Amino acid sequence: MKIETKITEAVKAIVEELYGQQVPAKMVQLQETRPEFEGQVTLVVFPFTKMSHKAPEQTAQEIGERLKERLPEVISGFNAVKGFLNLSISSQQWISILQDIYENPNYGFTPVTEESPLVMIEYSSPNTNKPLHLGHVRNNLLGWALAKVMEANGNKVVKTNIVNDRGIHICKSMLAWLKWGNGETPESSGKKGDHLIGDYYVAFDKHYREEVKQLVAQGMDEEQAKQEAPLIKEAHAMLVKWEQNDPEVRALWRKMNEWVYAGFDETYKALGVSFDKIYYESETYLEGKEKVEEGLQKGFFYRRPDGSVWADLTSEGLDEKLLLRSDGTSVYMTQDIGTAKLRFQDYPIDKMIYVVGNEQNYHFQVLSILLDKLGFKWGKDLVHFSYGMVELPNGKMKSREGTVVDADDLIATMVADARQMSADKVNKLEDITEEEAQEIARIVGMGALKYFILKVDARKNMLFNPEESIDFNGNTGPFIQYTYARIRSILRKVEEQGARGKEQEDSSETKPLSCPLPLAPCPLALSEREISLIQKLQGFENAVKQAGTDYNPSCIANYCYDLASEYNRFYHDFSVLREEDEQKRTFRIALSAAVGQVIKNGMGLLGIEVPERM
RNA sequence: GGUCCGGUAGCUCAGUCGGAUUAGAGCAACAGCCUUCUAAGCUGUGGGUCAUGGGUUCGAGUCCCAUCCGGAUCACCA
């Protein structure tokens, strides 16, 4: 049983005994003891002073005495300061807690079973007319981490991606390629497919603006010029042809999208993200109409004289929302209703999470209401995992102004920086091959990037300064990875010693120690530093739960940092392998192994790999 | 204008259910620590009107109200 549960139950019983009142578990507030006081766990007794009719300190004192009597094997001492009862937990207890953690490789995770609810997470959802940028990176990393976190909390997770592969923006790229491309392909140019298409999208925009400028110079007003420019008319004509299934347009469209997908796949692979099911808007965009018609018949929506269909949400405190244009074509909202329908056909969804930027808060508020009206059981409490924008020092990223931080560039820079960093190190790794060095640089560079993004609260806007490279020191991914590598270095030495004389297994996986922990009870007296490390380890379970209920991966990132710092302090102050007392040494090895395991699992939830050496 | 979100050190960010006299990290600056398990580390110094004003209570960065500042959104765009 968890130590906090034991104490909570004991306190409840004691309060009833002393003051004759039953109190809810929630009233028993336990927290970590502040470092300046003795003890590790603190009970806040203020809530009980009303029942005791005594001063806080006195109340704390009498509860403390009873607690010690009741749990002699747990509590080795206590002190009361004001309304705070600081409890010292016996070393034995701590060791037995460590043992539980150490022996359970999935410590902190709730297993997924047949009965687990099914959570679908939509993330990434790119347009196919330009390469991915930093904003997409944030989306992808958050989506992936959230999926991992939900899984760790005992949910079946289906990761999905809805690719926006149709529309006027694609036609712009296609048209530009036809006009100025001279048959350029990824192969002929050596460009990544998504970048190639992106270049033509930019080219279209450049020529288009030129045309608008000329028309304005000839006296047309700007709004009209934007409509009348020959290029945009041509693009629209192409879209119409696409919708009419024109074979030539469709063939070109397929070819160019294939290029983009090949490019995206590389980026996704580098980011370490993947999907269980990909939907394409070209296949789903007509689906929503039927549902809208259904809603119309049931009287949820209404048709205006011009033929357009609307939902009146004024009773919900919102506006009226267009669902079908007067020409009968669908809009964004209609499409999302359509994909919802398809998804529900494909999977028995219990909860739907959309990882989409906070600029679409209103959209999802409306979507939730509409899906609920249309009878989707998960519609009402669908989760819009709404994350903030990535801002640059001079504001938002704007593709037209060329202030976009390209995902592939950023990844390459991070890996190159990591490579440089290890080359500059004083204590370099010897006997390492070029491939190993490159692999370490990849893990560390990506770790730095991912941690940089995931450590901040998802819903807040965050700042990225391209002038200053992402750090590798301090509160960073590499700091945590480094801690892990240090632990692995110790454990390798232990394994070598243990394996001496025996046959060496060549699995490089983290394997359990050959030497078992001393069984509790054992006479070891632990230092404060060791105890607080175990206490930190114990906090992992909470961090995972919190991250799950709050939909907040940054909890995990901050937890991993705390744990790694605590271990580094321990590492600095104590020796593991050179400790002469056999029991102490075994204990510290196990402690290190447990920390390493939790770091690996925690970072794994963030999609961050940890290196054996660095 | 309506709605939603944010404002904590020079900079980037933590701060669980409201908890301790001194609100924490990291970066940047300065000063120390490598013959010892990996110095991508450890230790120390300086740096704050938690946007502002009220309220709630044993106690408020945290909850409530008002105000100021910043952002998003309110399309027959997606």
Side-chain angles (χ1 to χ4, degrees), chain A residues 26-27 29 31 33-34 36-37 42 44 46-47 49-50 56 81-84 86 125 127 164 166-169 281 304 306-310 317-319 321-327 329 331-333 335-336 357-363 365-366 386 388-389 391 395-396 418 421-422 424-429 444 448 452 455-457 459-465 468 471-483 485-494 542-543 546 549-550 554-555 557-558 561-562 564-565 568-569 571-579 588-589 592 613-614:
Chain A
K26 213 184 143 195
M27 208 159 160
Q29 295 175 42
Q31 55 190 241
T33 304
R34 291 227 146 197
E36 60 266 34
F37 299 100
T42 294
V44 183
F46 286 111
T49 52
K50 276 181 186 151
V81 180
K82 294 202 210 162
F84 299 93
N86 303 319
S125 309
N127 290 349
N164 183 6
R166 59 162 284 281
I168 188 72
H169 46 289
E281 236 174 63
R304 286 188 184 170
D306 65 1
S308 58
V309 176
W310 297 75
L318 302 172
D319 297 328
K321 190 78 191 171
L322 176 80
L323 297 176
L324 289 177
R325 296 191 186 97
S326 49
D327 64 4
T329 57
V331 293
Y332 180 37
M333 187 62 75
Q335 292 175 33
D336 256 350
N358 63 10
E359 70 226 338
Q360 293 191 29
N361 285 355
Y362 182 72
H363 174 81
Q365 208 183 337
V366 173
S386 162
M389 303 286 100
E391 286 166 352
K396 260 185 90 168
M421 184 78 183
S422 47
D424 292 345
K425 264 181 72 172
V426 185
N427 303 29
K428 288 179 197 153
L429 291 176
V444 173
F452 176 82
K455 79 170 173 186
V456 326
D457 189 337
R459 77 197 127 99
K460 289 184 180 172
N461 288 0
M462 65 178 291
L463 187 89
F464 175 78
N465 188 346
E468 300 166 12
D471 263 309
F472 290 77
N473 300 319
N475 186 355
T476 65
F479 170 93
I480 300 166
Q481 291 171 321
Y482 183 71
T483 310
R486 279 177 146 181
I487 291 172
R488 284 302 302 150
S489 176
I490 292 176
L491 296 183
R492 267 196 304 278
K493 292 195 165 83
V494 173
N542 256 341
Q546 186 92 42
T549 51
D550 295 355
S554 74
C555 277
N558 289 309
Y561 175 68
D562 280 349
S565 322
N568 279 327
R569 281 191 286 270
Y571 182 93
H572 181 262
D573 292 355
F574 295 89
S575 185
V576 176
L577 295 178
R578 280 188 307 278
E579 171 58 50
R588 287 182 191 164
I589 291 168
S592 300
R613 306 202 287 170
M614 69 184 272

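Numbers restart at 1 for each chain; the letters A, B, ... are given by sequence-line order, proteins then strands. A quick note: this is a predicted structure, and the numbers were derived from the prediction, not measured. Only heavy atoms go into these numbers, but all of them, side chains included; no hydrogens, no water, no symmetry mates.
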Please tabulate the protein-to-nucleotide N/O contacts below 3.5 Å involving nucleotides 21-23 of chain B, giving atom names and distances.
from: B:rU21; atom 1: OP1; to: A:Lys82; atom 2: NZ; distance (Å): 2.4

Once each nucleotide of nucleotides 33-44 of chain B is scored for protein heavy atoms under 4.0 Å, what B/S/- sequence comes out, 5' to 3'?
---BBBSBSSS-
Distance between the P atoms of B:rG26 and B:rU36, in whole angstroms?
26 Å
A:Asn542 and A:Gln546 side chains, donor-acceptor separation under 3.5 Å:
no
Taking any heavy-atom pair under 4.0 Å as a contact, classify A:Asn86: base, sugar-phosphate, or nothing.
base
A:Asn542 atom CG is separated from B:rU16 atom C1', nearest whole Å, by 8 Å
Can you tell me if A:Lys455 touches the phosphate of B:rA25, counting only side-chain N or O atoms and a distance under 4.0 Å to OP1 or OP2?
no
Would you please determine if the base of B:rG19 is stacked by A:Phe46, with stacking meaning a centroid separation under 5.5 angstrom and planes under 30 degrees?
yes
Figure out the CD/C1' separation between A:Gln29 and B:rC58, and round it to whole Å.
13 Å
Round to the nearest Å and state the distance from A:Asp336 atom CG to B:rC77 atom C1'.
14 Å
If the condition is side-chain hydrogen bond (donor to acceptor under 3.5 Å, both in side chains), which residues does A:Gln29 pass it with, not counting sequence neighbours?
none
Starting at CZ of A:Phe452 and ending at P of B:rC11, how long is that distance when rounded to a whole Å?
15 Å
Close N or O pairs between protein and nucleotides 69-75 of chain B (under 3.5 Å):
from: B:rC74; atom 1: O2'; to: A:Asp319; atom 2: OD2; distance (Å): 2.3

Let me check I have this right: for RNA chain B, each base becomes ., (, ), [, ] or |, based on Watson-Crick or G-U pairs with both distances under 3.5 Å. What is the full string?
(((((((..((((.....[....)))).(((((.......))))).....(((((..]....))))))))))))....
Atom CG of A:Asp457 and atom C1' of B:rU8 are separated, to the nearest Å, by 14 Å
Tell me whether A:Arg588 forms a cation-pi arrangement with A:Phe574, defined as NZ or CZ under 6.0 Å from the six-membered ring centre and within 45 degrees of its axis.
no
Mind checking A:Thr42 for me? I need base, sugar-phosphate or nothing, with any heavy atom below 4.0 Å counting as a touch.
base
Atom P, compared across B:rU62 and B:rA23: separation rounded to whole Å
15 Å
Base, sugar-phosphate, or nothing: which does A:Val456 touch, judged by heavy atoms less than 4.0 Å apart?
sugar-phosphate
Contacts of A:Arg459 that satisfy side-chain contact (heavy atoms from CB on, under 4.5 Å) - sequence neighbours left out
A:Asp457
Does A:Asn358 form a side chain to side chain contact (heavy atoms under 4.5 Å, CB included) with A:Met389? I'd like the steps, not just the answer.
CA-CA 7 Å; A:Asn358 63 10; A:Met389 303 286 100; 3.7 Å; yes
Pick the P atom in B:rG44 and in B:rC50, then give their distance to the nearest Å.
25 Å
According to the interplanar angle, ranging from 0 to 90°, do the rings of A:Phe452 and A:Phe464 count as parallel (below 30°), tilted (30 to 60°) or perpendicular (above 60°)?
perpendicular
